[in-house]
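Here is the structure we will look at, set down as structure tokens.
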Amino acid sequence: MLDSKFLRVNVRATAEKLIARGYTLDVALVVDLEAQRKSLQVKTETLQGSRNARSKEIGIAAKRGDDITSLRAEMNKFSVELNAVKTKFEAVNAQIKEIAASVPNLAHESVPIGSDEDQNIEVSKWGNPKKFAFNVKDHVDLGEALDGLDFKSAVKISGSRFIVMKGQIAKMHRALAQYMLNLHTEEHGYTELYVPYLVNAESLFGTTQLPKFGDDLFNTNPATQEGIGMSLIPTAEVPLTNMARDMMYDEADLPIKITAHTPCFRSEAGSYGRDTRGLIRQHQFDKVEMVQFVHPEKSFAALEELTGHAEQVLKNLELPYRKVILCTGDMGFAATKTYDLEVWLPAQNTYREISSCSNVGDFQARRLKARFRPTGAKKPELIHTLNGSGLAVGRTLVAVLENYQLEDGRIEVPAVLVPYMGGVTHIG
RNA sequence: GGUGGAGUGGCCGAGUGGCUGAAGGCGCUCCCCUGCUAAGGGAGUAAUGGGUUUAUAGCCUGUUCGAGAGUUCGAAUCUCUCCUCCACCGCCA
């Protein structure tokens with residue numbers, strides 16, 4: 001959520017910037033609502049003020065023992081007038097809030113302008129895609145041949161976009177998550193958290209999945225008039241970032257760096273036909289997520305650091321990747337700046353997203369009321385939040401299978417994973 | 001699931017219809033004193049919205065005592081619903 005005052009004062013300028021984000025702000029509507037809001041608010045508050053003052057007088061009169069029946073009758077009529085104005089004011093205000101909650105964050109000046117992923121800019125490349133002396137197989141063929149990926153059983157048990165893993169492949173999947181978590185906690189300074197996989201609507205609003213992206217979620221209960229039931233997390237960003245909700249940190253507490261390994265659940269509504277083969281796009285997948293709460297002046301430096309932490313996983317696994325800065329049109333709703341890491345997939349002969357690292361600025365913090373008190377200072381300030389995948393575990397498994405495949409169909413185990421695989425160096 | 005108790009400012013904790021945005025304490029900030037330190041004395045210290053404004057300065061004003069609804073001229077205080085926590089009972093990985 002953008003600062004409402006900022007939005008109001010800079011409607012036109014903001015609307016222009018939002019075009020780059022693919023969002024059309026109805027300036028005329030906002031200006032009109034704003035004018036209504038102002039006059040209704042002043043009127044309401046003036047009436048409330050005089051009600052308060054006169055109620056006080058009644059109290060004094062009553063204490064004196066005066067007869068207050070006529071005063072009360074008069075105030076009764078007054079309340080009717082006040083409530084009428086107040087109701088109008090609240091209606092206008094609700095409309096404004098609804099618009100404000102649907103406006104995406106503004107992009108940082110360093111973010112390239114563009115409409116879609118074709119205008120993302122490659123920042124760097126690491127590693128060289130291996131040359132294979134044989135025809136490479138994709139992870140589906142490899143996994144099925146090794147009896148490690150069982151799509152048929154998953155369809156039977158749940159449906160499409162689910163997976164059953166078996167044996168050494170299931171173990172490697174587990175090993176990858178363990179390795180990532182250990183790397184971030186032991187080398188990168190993150191504290192490991194175990195968090196709920198079901199979250200309430202407040203949390204989803206705080207991290208901006210609600211109100212706009214409810215369709216992407218799996219809900220435990222159908223919508224009711226009282227609100228919606230709990231939802232399965234689409235990413236650990238939700239529980240992790242909501243740790244900061246309603247918090248008042250000391251400046252010395254920052255930065256706070258937390259990480260968690262969780263499954264993620266996404267309905268993938270609207271992605272019919274895309275990535276239907278294999279593990280790339282699943283309703284349920286594991287991810288190790290990194291989240292940082294930082295001083296507002298340090299968030300862009302923190303983004304570089306956090307992205308580096310995700311990159312380190314790929315480097316240690318010796319998986320070639322490239323780093324891309326997302327253009328304004330391809331960024332997520334809440335981000336000010338996002339780097340995607342894309343891993344090389346030989347079977348697809350291309351790079352595919354495996355991590356997304358964003359500086360959210362104060363956009364979530366404003367909704368979360370996540371603040372800190374600058375040392376020696378008076379006013380609390382909003383913290384900045386960042387999040388990034390480090391990494392998507394399922395896609396990492398895909399990358400390992402495809403990049404480490406041998407001509408005979410076996411899979412070499414990346415060196416750093418061997419200890420996590422009980423010393424096993426090859427699968428198959 | 002049952003019964004009982006409780007949710008107040010950065011923290012602890014008073015407060016059962018008006019003079020309470022909220023005593024007291026802790027913490028924090030500034031000043032004084034003590035030749036460092038420890039201890040002591042004084043003052044200040046909630047958040048947030050709006051109006052005015054070059055201003056997150058000042059001034060005016062609204063709101064907020066778990067959340068929401070209600071009663072009332074007036075609610076931290078009364079009523080209802082919900083949430084959370086604590087205790088005991090029941091059940092259970």
Side-chain angles (χ1 to χ4, degrees), chain A residues 1-11 30-31 33-101 194 196-206 220-221 224-230 242-254 256 293 296-297 362 365-383:
Chain A
M1 189 141 58
L2 296 174
D3 179 52
S4 62
K5 193 169 186 177
F6 174 86
L7 179 63
R8 186 183 327 137
V9 175
N10 306 290
V11 210
V30 172
V31 169
L33 285 172
E34 175 51 25
Q36 288 187 54
R37 188 226 99 224
K38 187 164 168 176
S39 94
L40 286 170
Q41 180 160 1
V42 170
K43 202 167 169 188
T44 304
E45 292 184 358
T46 306
L47 291 173
Q48 280 177 325
S50 70
R51 180 204 59 197
N52 290 346
R54 291 162 77 176
S55 290
K56 202 162 246 178
E57 285 169 23
I58 292 177
I60 293 165
K63 206 130 228 182
R64 249 194 334 252
D66 296 357
D67 178 32
I68 56 169
T69 15
S70 67
L71 285 172
R72 275 166 57 171
E74 190 190 331
M75 287 301 285
N76 248 324
K77 276 163 67 185
F78 188 84
S79 292
V80 174
E81 186 189 351
L82 186 150
N83 283 333
V85 180
K86 197 173 175 182
T87 305
K88 269 194 225 166
F89 167 60
E90 279 166 358
V92 169
N93 223 7
Q95 265 190 82
I96 291 174
K97 275 192 181 151
E98 200 182 316
I99 293 172
Y194 172 84
Y197 303 157
L198 284 165
V199 295
N200 58 33
E202 286 76 30
S203 292
L204 291 162
F205 181 78
T220 52
N221 291 321
T224 66
Q225 286 187 323
E226 282 78 45
I228 66 169
M230 290 197 285
N242 271 280
M243 291 293 292
R245 178 144 56 93
D246 296 322
M247 290 297 279
M248 178 74 79
Y249 294 108
D250 287 331
E251 184 168 356
D253 296 337
L254 306 177
I256 290 169
F293 307 143
E297 284 165 19
D362 62 12
R366 187 168 294 111
R367 292 190 181 193
L368 294 165
K369 296 185 184 67
R371 299 171 295 173
F372 75 103
R373 201 177 286 280
T375 31
K378 4 62 200 163
K379 289 245 164 201
E381 280 183 54
L382 295 171
I383 61 165

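Throughout, protein chains are lettered first and strands after them, A, B, ... in sequence-line order, and every chain is numbered starting at 1. Just so we're clear, the structure is a prediction, and the values are computed from it rather than from any experiment.
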query = How many Å lie between CZ on A:R8 and P on B:U52, as a whole number?
reply = 10 Å
inquiry  = Using atom C1' in both nucleotides, what's the gap between B:G70 and B:A14 to the nearest angstrom?
reply    = 28 Å
request  = Using only side-chain N and O atoms of A:R51, determine if any of them is under 4.0 Å from OP1 or OP2 of B:G62.
outcome  = no
inquiry  = Tell me the interatomic distance from A:L47, atom CG, to B:G74, atom P, rounded to whole angstroms.
reply    = 13 Å
ask   = For A:A53 and A:K38, take the nucleotide of RNA chain B holding the closest heavy atom to each; which residue's nucleotide lies nearer the 5' end?
value = A:K38
task = Can you measure from CZ (A:R72) to CD1 (A:I58) and round to the nearest 0.5 angstrom?
result = 8.5 Å
P spacing across the pair B:A87 / B:G13, given as an integer number of angstrom = 16 Å
query = To the side chain of A:I58, which of B:C73, B:G49, B:G50 is closest?
reply = B:C73
message = Taking 4.0 Å as the cut-off, does a side-chain nitrogen or oxygen of A:N52 come that near to OP1 or OP2 on B:G62?
response = yes
Side-chain ion pair, A:R54 and A:E57, N-O less than 4.0 Å = no
message = Suppose you measure atom C1' in B:U37 against the same atom in B:G21; what distance do you get, rounded to whole Å?
response = 39 Å
inquiry  = Within this structure, what is the CD-CG distance for the pair A:E45 and A:L47, rounded to the nearest 0.5 Å?
reply    = 10.5 Å
Main-chain N/O of A:A101 paired to A:R367 side chain as donor or acceptor, under 3.5 Å = yes
query = Which residue lies toward the 5' end of RNA chain B, A:M75 or A:T46, if each is placed at its nearest nucleotide?
reply = A:T46
request  = Rounded to the nearest angstrom, tell me the gap between atom CZ in A:R371 and atom P in B:C11.
outcome  = 10 Å
message = With hydrogens left out and only the distance checked, is there a donor-acceptor pair under 3.5 Å joining A:Q41's side chain and the base of B:G51?
response = no
message = What's the closest nucleotide to the side chain of A:S79 if the choices are B:G10, B:G50, B:C73?
response = B:C73
request  = Would you confirm whether A:D253, through its side chain, and A:D250, through its main-chain N or O, come within 3.5 Å as a donor-acceptor pair?
outcome  = yes
key: A:S4 side chain, from C-beta outward: closest of B:G50, B:C73, B:U48   = B:G50
note = Correct closest heavy-atom pair for A:M243 and A:Y249 would be O-OH, 3.8 Å
ask   = Taking OP1 and OP2 of B:U45, is either one under 4.0 Å from a side-chain nitrogen or oxygen of A:K379?
value = no
ask   = Expressed as a whole number of Å, how far does the P atom of B:C60 sit from that of B:C65?
value = 24 Å
ask   = Atom CZ of A:F78 and atom P of B:U72: how far apart are they, to the nearest Å?
value = 17 Å
request  = Would you please test A:N200 and A:S203 for side chain to side chain donor-acceptor pair (under 3.5 Å) and show each step?
outcome  = CA-CA 6 Å; A:N200 58 33; A:S203 292; 3.2 Å; yes
Short side-chain N/O contact to B:G18 OP1/OP2 from A:R72, under 4.0 Å = no
query = For A:F89, does its backbone N or O pair with a side-chain atom of A:N93 as donor and acceptor, under 3.5 Å?
reply = no
P spacing across the pair B:G44 / B:G5, given as an integer number of angstrom = 41 Å
ask   = Looking only at atom C1', what distance separates B:C30 and B:U64, rounded to whole Å?
value = 29 Å
task = Determine the minimum heavy-atom distance between A:V92 and A:L33, stating which atoms define it.
result = CG1-O, 3.6 Å
query = If the C1' atom of B:A23 is compared with that of B:A46, how far apart are they to the nearest Å?
reply = 15 Å
remark   = Stems in RNA chain B, runs of 3 or more consecutive Watson-Crick or G-U wobble pairs with both distances under 3.5 Å, sorted by first number, are B:1-7 with B:83-89, B:10-12 with B:24-26, B:27-32 with B:40-45, B:46-52 with B:58-64, B:66-70 with B:78-82
query = Whole Å only: how far is the CZ atom of A:R54 from the P atom of B:G62?
reply = 14 Å
remark   = In whole angstroms, the gap separating C1' of B:U63 from CG of A:N93 amounts to 12 Å
query = Which nucleotide sits closest to the side chain of A:V42: B:G51, B:G18, B:U48?
reply = B:G51
remark   = Rounded to whole Å, the CG-C1' distance (A:D362 to B:U56) equals 14 Å
query = Whole Å only: how far is the CZ atom of A:F89 from the C1' atom of B:U61?
reply = 13 Å
message = Using atom P in both nucleotides, what's the gap between B:C80 and B:U3 to the nearest angstrom?
response = 15 Å
